[in-house]
2 protein chains.
Amino acid sequence: MDRSLRMTEPSRNRVGTTEKSFTILELLQREDGAGVTEVATALGMSKSTVHSHLTTLVECGYVTHHDTQYHVSTKLLRLGGRLRDQSPLYQAARIEMKSLAAETDGVVRLYLEEEDDATMIAQEGYSPGIQERHLGERTPLTESIAGPVMLAERERSGDEGTGDDSTTVEDATGDDDSAADREALDIDDDVRDRFDRIRRRGYAVETGPEGSDRTFAGALSRRDGTVMGALTVTVPGETGDPLSAGDRLLEAVERVELSLTSWYDSHATFSPKHSWHVHSN
Amino acid sequence: MDRSLRMTEPSRNRVGTTEKSFTILELLQREDGAGVTEVATALGMSKSTVHSHLTTLVECGYVTHHDTQYHVSTKLLRLGGRLRDQSPLYQAARIEMKSLAAETDGVVRLYLEEEDDATMIAQEGYSPGIQERHLGERTPLTESIAGPVMLAERERSGDEGTGDDSTTVEDATGDDDSAADREALDIDDDVRDRFDRIRRRGYAVETGPEGSDRTFAGALSRRDGTVMGALTVTVPGETGDPLSAGDRLLEAVERVELSLTSWYDSHATFSPKHSWHVHSN
DNA sequence: CGATCCGTTCCGTATAGCTGAACACCTTCG
DNA sequence: CGAAGGTGTTCAGCTATACGGAACGGATCG
């Protein structure tokens, strides 16, 4: 309509070469390995260019070069793993994740909140029937139970939250509580009711298709109210009574939050450099 | 000494820009976040250059930009996670990892063999006292029990293995079986004896410092003898009798290998494109 | 033995990344 | 209050450098 759209972002950003390398890397990831010409034709680049980028990536250790195929190496996993292991949220949660998974015999997952998205950064336990979730998978806060729990918890301590989430409730219309196509006004009330329920109970429940499994989710927040992430436990079908799983989750959440705040109290003396994702203001 | 050394590798490789970007990324990873000038002074680059690279990395989603600090994002974890989840070794092992961890109440780890290194790609269970291992951590095959197990298994099916490992036994002198400072000749015999023991028993045992914990390791290989990785279970101090953990590991190894070969039988019909790390010859 | 694939190398060229200086902004300190 | 020093950001020019096309080895297939 108006001329506010500039196609392909004229990109006064710089460094298109790096962007190109990452595009190649992501293609290798998607295609699960590829050859030079395959990449060149797929991305519309010349073979020599692709070759240069690939050899560079190999020398940097991010790509392996067996025979005629290039694959992404495990270096990405290592970097991402170190990032995860350093995060205080993971440090505080892993013991509880283990015991929670053992006692409920379910799948426990840890989500990290970043910029209106929830990222799964750790998983403990495994059951073939449970819905698959990939490590590092990033979903909007309005989807898949772990997000709404964080949104509901955000509202509790005022609306300032991160600062730009004055429309948190309205944004959450995308939840799939089998009520995807109601009228907008009803949805707002419905979502608000749901959030109230979550806040009152401390956790949220989501039943899988045909009651195959149940997922309990609780938000992990610091003492000052800032939401850091969420803890989730999914129990298959008719294992034990589901209520105890919810109570057990609450215990775990409290213990993780306790460990988290104590971590911050000990490490925040002279906050080292960036106080770990705490958007200070 | 001789002129075979060319300083800094004149690099007829190409694409130094990409190399620069990755250097910045790795610095951000190590320093756990940094600012523009911090990176510039650390790497000896101008501020504007660093700024360009950082904005590009942010736009690509690999770096987040809060306040004045740049951090690596979870995108690396996502890419690495997908790489892991796609690997048949992980697919075949995760069920057994879960049950093995539950039954032994120990920490189960899965290692992937790649180019004379062992990379830890998955972990199930957690215990605070157990030796830390980071996701994606890459150690030489001569270290830390998981490697030697694979080396011993390699020898079984002839020496051709990957092709360039004619010195596998001699390279394994770095094992820490509390005999780090013996004479070279003895070590060779010692290592050979150790390999024989491993092959006879099917798994290897490593006792932690002061008997704090025990680690059992077994190699995972295909039916044709090619070693794919290793499975490891670490049990704390005096939990149960250690022998049953070893036996339980053997069961798990067999089941994983079974699942692995069946996977290859079903997917290798018209080998899709690269037959997944099987160095075909 | 051509015919086709593949990956790799080479080189000229113009593009695009690098630099240093100037800018805006914020604390802090004199 | 206004220098002083610390950020991150922008701009314009120069030159290094990434790009592309063509030519080169090496397989594999008919």
Side-chain angles (χ1 to χ4, degrees), chain A residues 6 8-25 27-28 31 33-60 62-71 163 270-275 279-281, chain B residues 8-25 27-28 31 33-60 62-72 163 270-275 279-281:
Chain A
R6 311 170 192 170
T8 68
E9 264 305 313
S11 74
R12 78 277 178 254
N13 47 341
R14 303 289 172 75
V15 208
T17 303
T18 297
E19 202 171 339
K20 212 167 289 190
S21 276
F22 276 112
T23 306
I24 293 176
L25 197 70
L27 183 76
L28 288 184
E31 299 298 323
V36 174
T37 55
E38 195 176 345
V39 174
T41 54
L43 300 181
M45 300 159 46
S46 75
K47 285 195 299 179
S48 56
T49 302
V50 172
H51 181 70
S52 303
H53 281 257
L54 282 176
T55 50
T56 306
L57 288 172
V58 168
E59 287 190 0
C60 289
Y62 292 93
V63 164
T64 59
H65 173 43
H66 281 148
D67 193 42
T68 173
Q69 295 284 323
Y70 290 84
H71 296 265
F270 290 125
S271 60
K273 54 170 49 174
H274 61 293
S275 64
H279 320 97
S280 57
N281 43 343
Chain B
T8 68
E9 264 306 312
S11 72
R12 79 279 178 250
N13 46 341
R14 303 287 171 77
V15 209
T17 304
T18 296
E19 202 171 341
K20 212 166 288 188
S21 275
F22 276 112
T23 307
I24 294 176
L25 197 70
L27 182 76
L28 287 185
E31 299 298 323
V36 175
T37 55
E38 195 176 345
V39 174
T41 55
L43 300 180
M45 299 160 45
S46 74
K47 283 196 299 178
S48 54
T49 302
V50 173
H51 181 69
S52 304
H53 281 258
L54 282 177
T55 50
T56 306
L57 289 173
V58 168
E59 286 189 1
C60 289
Y62 291 93
V63 164
T64 59
H65 174 42
H66 281 148
D67 193 43
T68 173
Q69 295 284 321
Y70 290 84
H71 295 265
V72 312
F270 289 125
S271 60
K273 54 170 48 173
H274 62 289
S275 64
H279 319 95
S280 57
N281 42 343

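Reckoned from all heavy atoms, side chains included, excluding hydrogens, waters and symmetry mates. Throughout, protein chains are lettered first and strands after them, A, B, ... in sequence-line order, and every chain is numbered starting at 1.
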With sequence neighbours excluded, what pairs up with B:T41 under the side-chain contact (heavy atoms from CB on, under 4.5 Å) test? none
Phosphate OP1/OP2 of [N] contacted by [X] side-chain N/O (<4.0 Å):
X: B:H65; N: D:dT9; result: yes
X: B:H51; N: D:dG8; result: no
X: A:Y70; N: C:dT8; result: yes
X: B:T49; N: C:dG17; result: no

Could you give the [atom1]-to-[atom2] distance, from [X] to [N], as a whole number of Å?
X: B:H66; N: D:dG8; atom1: NE2; atom2: C1'; result: 16 Å
X: A:M45; N: D:dG21; atom1: CE; atom2: P; result: 12 Å
X: B:H53; N: C:dC18; atom1: NE2; atom2: C1'; result: 8 Å
X: A:E19; N: D:dA18; atom1: CD; atom2: P; result: 16 Å
X: A:L43; N: D:dG20; atom1: CG; atom2: P; result: 11 Å
X: B:E38; N: D:dG8; atom1: CD; atom2: P; result: 8 Å

Looking only at the side chains, is there a donor atom on one of B:S21 and A:T18 sitting less than 3.5 Å from an acceptor on the other? yes
Taking atom types as modelled, is there a side-chain donor on A:T64 or A:H71 under 3.5 Å from an acceptor on the other? no
Contact class for A:T17 vs. all strands (heavy atom < 4.0 Å): base, sugar-phosphate, or nothing? sugar-phosphate
On the side chain of A:K47, is there an atom forming a donor-acceptor pair with the base of C:dG7 - under 3.5 Å, no angle test? yes
Check if the side chain of A:S48 and the base of D:dG20 share a donor-acceptor pair of N or O atoms closer than 3.5 Å. yes
Below 30° counts as parallel, above 60° as perpendicular, anything between as tilted: where do the rings of B:F22 and A:F22 land? tilted
Of A:T68 and A:V15, whose nearest nucleotide on DNA chain C comes first from the 5' end? A:T68
